[in-house]
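Let me begin by presenting the structure, written as structure tokens, before commenting on it.
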2 protein chains.
Amino acid sequence: MTVFFSKKCEYGLQAVLFMAARDEECVCPAEEISKKLNIPKEFISKILQSLTESGIIESKKGKFGGFKLAKHPSKIKLIDIVEAIDGLDSFNSCVLGFPNCSPDKPCPVHDQWGALRTKAYEMLSSETIDKFKEKTLNKIKI
Amino acid sequence: MTVFFSKKCEYGLQAVLFMAARDEECVCPAEEISKKLNIPKEFISKILQSLTESGIIESKKGKFGGFKLAKHPSKIKLIDIVEAIDGLDSFNSCVLGFPNCSPDKPCPVHDQWGALRTKAYEMLSSETIDKFKEKTLNKIKI
DNA sequence: TCTAAATCAGATTATTTTGTCTGATTAAAG
DNA sequence: CTTTAATCAGACAAAATAATCTGATTTAGA
């Protein structure tokens, strides 16, 4: 079905961008994220849990608990979120599924695809999420 | 898991490149493709069937039957195979999974991602598979 | 005409991904 | 100390994708 990020990763990216667009210190219950972004509550909870383990966000338990960014938005890159959820394998493995695809033994589209993938990686790792605050606010009503 | 093409699509691309690298007129039984490319026979058969329906390859039934390209390799583009198997939705839908992502209502990474995706599309639709013959031969022993 | 070797077709199974349910734990506030 | 509202945790269910099995049909050649 040709997808780039898994659903989990899409939701994780959405959620972190959402949190970055709000007041930094304010904790955000999973339920609120679920409603604002139309993601099943239990599912986003699981994703937020794993992002907590990765140190990208942190959780506050109990009443008035929730999630918030663990670092300043200018310290969080998109690729950090992708890595935490989907991993970086796809940036290293062959797009056609051939084994041992490498510069020595390139698959037919090795060079062309490699260049594109590198660009994608660079984009995801150059941009920090504070840059997206405005655009996120345009897209999601907080 | 961050993947670009589905397994089906990867296998379909591999198979078509394989056929293009052989003598054009020679029909290729599914079993041979399965063995050379290490793809489960019944699975690649199904994929080849759907590529036959799409008119990219054609099948010859019965003894000494098999599959071969329906057109000259210079007339088949990578994107044709992707379209036949995975469809082109991913080139039009939001990479972050936001609904109604468009230039009017762009998602946070709309511009950056759009540019990359366009490049990917251009690559897949500019290159015809005859260009890959040599590289395929290097990768797969026929 | 018969047999072997292939595609074709549909049902079934397995695995992965996505999503749901239930209950325990934690912490704030009356 | 009790209630309430949240995370945490693990089992469970559903859906999508990947793979397998079985048998029918087709066709070349003896």
Side-chain angles (χ1 to χ4, degrees), chain A residues 1-15 19 26-70 82 85-87 89-90 96-97, chain B residues 1-15 19 26-70 82 84-87 89-90 93 96-97:
Chain A
M1 186 187 268
T2 313
V3 80
F4 201 80
F5 301 124
S6 68
K7 226 64 183 130
K8 263 186 191 164
C9 195
E10 284 181 7
Y11 290 159
L13 287 162
Q14 287 192 19
M19 286 187 269
C26 147
V27 291
C28 206
E31 172 129 37
E32 184 186 348
I33 298 181
S34 155
K35 278 186 181 159
K36 286 279 168 54
L37 301 174
N38 269 301
I39 304 172
K41 184 188 157 193
E42 307 300 331
F43 198 37
I44 192 64
S45 292
K46 282 258 184 283
I47 296 165
L48 292 169
Q49 257 172 261
S50 76
L51 287 172
T52 303
E53 278 170 38
S54 311
I56 293 169
I57 61 179
E58 52 193 28
S59 77
K60 183 163 180 274
K61 293 186 191 174
K63 196 171 180 181
F64 300 114
F67 298 87
K68 66 182 205 104
L69 300 185
V82 174
I85 301 178
D86 276 351
D89 284 0
S90 66
L96 296 184
Chain B
M1 185 182 270
T2 313
V3 79
F4 204 81
F5 301 125
S6 68
K7 226 65 182 129
K8 262 186 192 165
C9 195
E10 284 181 6
Y11 290 160
L13 286 162
Q14 287 191 20
M19 286 187 270
C26 148
V27 291
C28 208
E31 172 129 36
E32 184 186 349
I33 298 180
S34 156
K35 279 185 181 161
K36 285 280 166 57
L37 300 174
N38 270 302
I39 304 172
K41 185 188 157 195
E42 307 299 333
F43 198 38
I44 192 63
S45 293
K46 281 262 182 283
I47 297 166
L48 292 169
Q49 258 172 261
S50 75
L51 286 172
T52 304
E53 278 169 39
S54 312
I56 293 168
I57 60 179
E58 52 191 29
S59 75
K60 184 163 180 273
K61 294 185 190 175
K63 195 171 180 180
F64 299 115
F67 298 87
K68 67 183 202 99
L69 300 185
V82 174
I85 300 178
D86 275 351
D89 283 0
S90 66
S93 52
L96 295 184

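A, B, ... follow the sequence lines: proteins, then strands. Residue 1 opens every chain.
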From D/dC21, C/dT20, C/dT18, pick the nucleotide closest to the side chain of A/K7?
-> C/dT18

For residues 58-68 of chain B, the side-chain hydrogen bond (donor to acceptor under 3.5 Å, both in side chains) pairs (sequence neighbours left out) are B/E25-B/K68

Scan residues 48-67 of chain A for pairs that pass ring-ring contact (aromatic ring centres under 6.0 Å, His included), counting only residues two or more places apart or in two chains.
-> none

Separation of B/F43 atom CZ from C/dC8 atom P, in whole Å?
-> 17 Å

In whole angstroms, the gap separating C1' of C/dT17 from CD1 of A/I47 amounts to 11 Å

Between B/E10 (CD) and D/dA19 (C1'), how many Å, whole number?
-> 15 Å

Can you find a donor-acceptor pair, distance only, under 3.5 Å between A/K8 side chain and C/dG19 base?
-> no

A/C9 and A/D86 have their tightest heavy-atom pair at CB-OD2, 3.2 Å

Quick one: B/E31 CD to C/dT7 C1', roughly how many Å, whole number?
-> 12 Å

For A/K7, enumerate each residue passing the side-chain hydrogen bond (donor to acceptor under 3.5 Å, both in side chains) test, keeping only those at least two apart in sequence or located in another chain.
-> A/E10

Scan for side-chain hydrogen bond (donor to acceptor under 3.5 Å, both in side chains) pairs involving residues 42-56 of chain A, sequence neighbours excluded, and state none if there are none.
-> none

For A/L48 and D/dA9, what is the distance between atoms CG and C1' respectively, to the nearest whole Å?
-> 15 Å

To the nearest 0.5 Å, atom CD1 of B/I85 lies from atom NZ of B/K8 at 8.5 Å

Starting from P on D/dA6, measure out to CD on A/Q49 and report it in whole angstrom.
-> 16 Å

In whole angstroms, how far is the C1' atom of C/dT18 from the CG atom of A/D86?
-> 13 Å

Can you sort out which residues in residues 51-67 of chain A have a heavy atom within less than 4.0 Å of DNA chain C? Ascending by number, please.
-> A/K61, A/G62, A/K63, A/F64

Which residue, A/K46 or B/E42, contacts DNA chain C at a nucleotide closer to its 5' end, judged by nearest heavy atom?
-> B/E42

Interatomic distance where CD1 belongs to B/I44 and P belongs to D/dA19 [whole Å] | 10 Å

Do you know which two heavy atoms are closest between B/I33 and B/A15, and how far apart they sit?
-> CG2-CB, 4.0 Å

So, is A/Y11 close to the C/dT18 phosphate, meaning a side-chain N or O under 4.0 Å from OP1 or OP2?
-> no

